[in-house]
Amino acid sequence: MTEFPKTPPRFSATFTPAVNAEIRRAAATGIYDIRGGGTKRHLPHFDDLLFLGASISRYPLEGYREKCATDVWLGTRFAKKPIHLDIPVTIAGMSFGALSGPAKEALGRGATAAGTSTTTGDGGMTEEERGHSRTLVYQYLPSRYGMNPDDLRRCDAIEIVVGQGAKPGGGGMLLGQKISDRVANMRNLPKGIDQRSACRHPDWTGPDDLEIKILELREITDWEKPIYVKVGGARPYYDTALAVKAGADVVVLDGMQGGTAATQDVFIEHVGMPILACIPQAVKALQDLGMHRKVQLIVSGGIRSGADVAKAMALGADAVAIGTAALIALGDNDPQWEEEYQKLGTTAGAYDDWHEGRDPAGITTQDPELSARFDPVLGGRRLSNFLKVMTLEAQTIARACGKNHLHNLEPEDLCSLSIEAAAMAGVPLAGTSWIPGRNGGF
Amino acid sequence: MQSFDLGEEGLRALNSALHALKGQTNMTDWEVINPKGAHAIAAGVDAPVEIIVRGSTGYYCAGMNKQATIRIKGSAGPGVAENMMSGTVIIDGNASQYAGATGRGGLLVIKGNASSRCGVSMKGIDIVVHGSIGHMSAFMAQSGNLVVLGDAGDALGDSLYEARLFVRGSVTSLGADCVEKEMRPEHIALLADLLKRGEADGLAKPEEFKRYGSARKLYNFNIDNASDY
Ligand SMILES: Cc1cc2nc3c(=O)[nH]c(=O)nc-3n(C[C@H](O)[C@H](O)[C@H](O)COP(=O)(O)O)c2cc1C
């Protein structure tokens, strides 16, 4: 008998093994998946952009010889005491509660050594981070955990958080395992409960109220501190314009790739826009209002290297912020803990159950034994090294583009590898003059 | 008494004069005239002084107050005494939305009515309202006491944590996880003290109130409660 060839088993591109596994997990547990980290799906990103470098019409600067400055002023619009940073890479707000006290200390040490700022988070200001951060940005969040006028006066800038890229429209989440006595006390909450922080501010709604809220915060701090407004990547043109109208000194724009301590996976993967699509819209809003460079723009969401920094700045940002990359520099997801990741049913590089508080690297936990594994001095040094490398990389690119300051990078230095990224970033597809949606043909 | 004409001298001058009082002991009596609904009047004061505001105020009057006693001889706009840390704020008239929002200490007295979201997200403040309060009051209230001599609107104490709510009149509806609780002797004593400090001891007796608090059913997520959220 002739054996006919059989159709080999074929998986659906819609119902993939991963999708089916999630359906089974949901069916068995009745609860959605909560996790930390940022978007895991592929998105158009800075990798889709390239720098053109110098040529006959553009001449480069000598590496190691000719100066390429990296400093940035933030808060020059209204604040009596604007901030001056040596490098344009800042540390994003990450809460004490999500992170351990020593991890917050390491962020402060690393940022200070590299000449940049660090930021508090949903959970208030700790002595560790105030003590070790030369420049500390104090977040003003819907939950207002630990909020008080003394910390407002001893911070260096205030960041009003309207949204986060990982979850525009969502509030914070800190599950019972991580509500230790100290965390509970700082937040005025019972220990061990699942804490959901509010998604809206309790005492203002909309841009007109925001303007009055900013006035109040300026009055309380005698107009000294720069006031940032942080938004998730949802409607960047209007959000930026409204933040400017409300009186912000700085707009912080966080794309959907942005990390989170704990959020529903469905939220992380399906709400918000990639940072690449957000930056040009925010810059356009600033330009339309005549405020580009007067109100500074800090962008974040999946920034990993000096190339990403340079690309964000070429698109018009004044500075960037990093969360996930900073945690990895500290030692998060390090293969040295592989055996323990395996015990948790995961592997180094994929570990994202930060909300469970069992982080083998001792960073996203409140467990005293686990957090004792983490050395804040060493962590701080590693972070400072990483920040310096990012800066050197960005300078290398800027010099190759003939720029004596990172702020002189411009969209004309870029081209795009894909039509999608060309349309989002507003730079031409490589080898063409085509910016989809902006101009005509080739 | 130091008299300050807000219409003449402006908000910045007022608040910087009040902030300069920190650590000082003279000039403890202040009067602000012509407030005309300005925002952020006497926000961020941190000194044991007495401030009388002669008229109505805009948003965030007495915001983040520490130590000061601030009397508003009129009505107060949204977010009066928001995030108050300590001290006392007394409003002769009514208060708009979010009165005492996220307050962490001190005493807020409203002699008229308070609008919606009174005591939202409160974290230790005591609030005494002689009149009634609007809907969604004490939403996500974490700790402290809210006393209402009149009625409460819809969804009182929704998603409440450990704050205690005392209402003398009717409650249109209770929010998710908020339930009526037994009044024990310690609550009567607490209420007697709050009524006294809230200048309401002649107006109501502790025994006339009902107590509301958290059923604590939503403290840890359970899928069977999903429809309550
Ligand atoms: C562990 C962790 C905790 C965070 N906590 C906060 C927070 O408390 N407030 C906030 O505005 N953003 C928070 N974020 C978001 C960061 O501020 C930032 O927007 C994001 O991490 C940037 O994207 P990246 O992680 O890709 O660099 C957190 C992020 C992480 C990874």
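All chains are named by letter (A, B, ...) in the order of the sequence lines, taking the proteins before the strands, and each is independently numbered beginning at 1.
Here NE2 of A:His201 is found 11.0 Å from CD of B:Glu82. Values are rounded to the nearest 0.5 Å. B:His39 contributes atom NE2, which lies 3.5 Å from atom CD1 of A:Ile212 (distance to the nearest 0.5 angstrom). Taken from CE in B:Met64 to CG in A:Asp150, the straight-line distance is 10.5 Å, to the nearest 0.5 Å.
For chain B, the option among A:Arg144, A:Glu216, A:Gln195 with the highest count of heavy-atom pairs below 4.5 Å is A:Glu216. For chain B, the option among A:Thr221, A:Leu152, A:Asp209, A:Leu175 with the highest count of heavy-atom pairs below 4.5 Å is A:Asp209.
In this view, A:Thr263 and A:Lys167, A:Thr260, A:Phe267, A:Ile268 satisfy the side chain to side chain contact (heavy atoms under 4.5 Å, CB included) rule, not counting sequence neighbours.
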Let's go through A:Asp222 and B:Arg12 carefully: what are the C-alpha distance in whole Å and the side-chain angles of both, what is the deciding distance for side chain to side chain contact (heavy atoms under 4.5 Å, CB included) to 0.1 Å, and is it a yes or a no? CA-CA 8 Å; A:Asp222 291 311; B:Arg12 189 74 287 270; 2.7 Å; yes
Which donor-acceptor pairs under 3.5 Å do the side chains of residues 120-127 of chain B make with protein atoms, sequence neighbours left out?
unit_1: B:Ser121; atom_1: OG; unit_2: B:Lys123; atom_2: NZ; d: 2.9
unit_1: B:Lys123; atom_1: NZ; unit_2: A:Ser143; atom_2: O; d: 2.7
unit_1: B:Lys123; atom_1: NZ; unit_2: B:Ser121; atom_2: O; d: 3.2
unit_1: B:Lys123; atom_1: NZ; unit_2: B:Gln142; atom_2: OE1; d: 3.1
unit_1: B:Asp126; atom_1: OD1; unit_2: B:Asn145; atom_2: N; d: 3.3
unit_1: B:Asp126; atom_1: OD1; unit_2: B:Asn145; atom_2: ND2; d: 2.8
unit_1: B:Asp126; atom_1: OD2; unit_2: B:Arg197; atom_2: NH2; d: 3.2

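With hydrogens and angles ignored, the 3.5 Å screen pairs no side-chain donor or acceptor of A:Asn148 with any backbone N or O of B:Asn83. B:Arg104 places no side-chain N or O within donor-acceptor distance of the main-chain N or O of A:Asn188, the cut-off being under 3.5 Å.
With B:Tyr59 as the aromatic partner, A:Lys213 does not meet the cation-pi criteria of under 6.0 angstrom to the ring centre and within 45 degrees of the ring axis.
Within the 4.5 angstrom heavy-atom criterion, only side-chain atoms of B:Thr102, from C-beta onward, approach chain A. In this structure, the portion of B:Asp46 lying under 4.5 Å from any heavy atom of chain A is its side chain and not its backbone. Both the backbone and the side chain of A:Pro202 come within less than 4.5 Å of a heavy atom of chain B. Only the side chain of B:Tyr161 comes within contact range of chain A, judged by heavy atoms closer than 4.5 Å. When heavy atoms are compared at a cutoff of 4.5 Å, A:Arg187 approaches chain B solely by way of its backbone atoms N, CA, C and O. When heavy atoms are compared at a cutoff of 4.5 Å, B:Leu11 approaches chain A by way of both its backbone and its side chain. Heavy atoms closer than 4.5 Å to chain A are found nowhere in B:Gln97, neither backbone nor side chain.
Nearest heavy-atom pair, A:Pro149 versus B:Met85, reported as atom, atom and distance to 0.1 Å: CD-CG, 3.5 Å. Taking every heavy atom of both residues into account, B:Tyr60 and A:Trp204 meet most closely at OH-CB, 3.3 Å.
A:Asp203 has no carboxylate O lying under 4.0 Å from a charged side-chain N of B:Arg117, or vice versa, which leaves the two without a salt bridge.
In the displayed structure, B:Glu186 atom CD is contacted under 6.0 Å by more than 12 heavy atoms of other residues, nucleotides or ligands. Under a cut-off of 6.0 angstrom, the local environment of CZ in A:Arg200 is sparse, with at most 12 non-hydrogen atoms contributed by other residues, nucleotides or ligands. Within a 6.0 Å radius of NZ in B:Lys36, other residues, nucleotides and ligands contribute 12 heavy atoms or fewer. Counting heavy-atom neighbours within 6.0 Å of A:Lys294 NZ, excluding the residue itself, gives a total of 12 or less.
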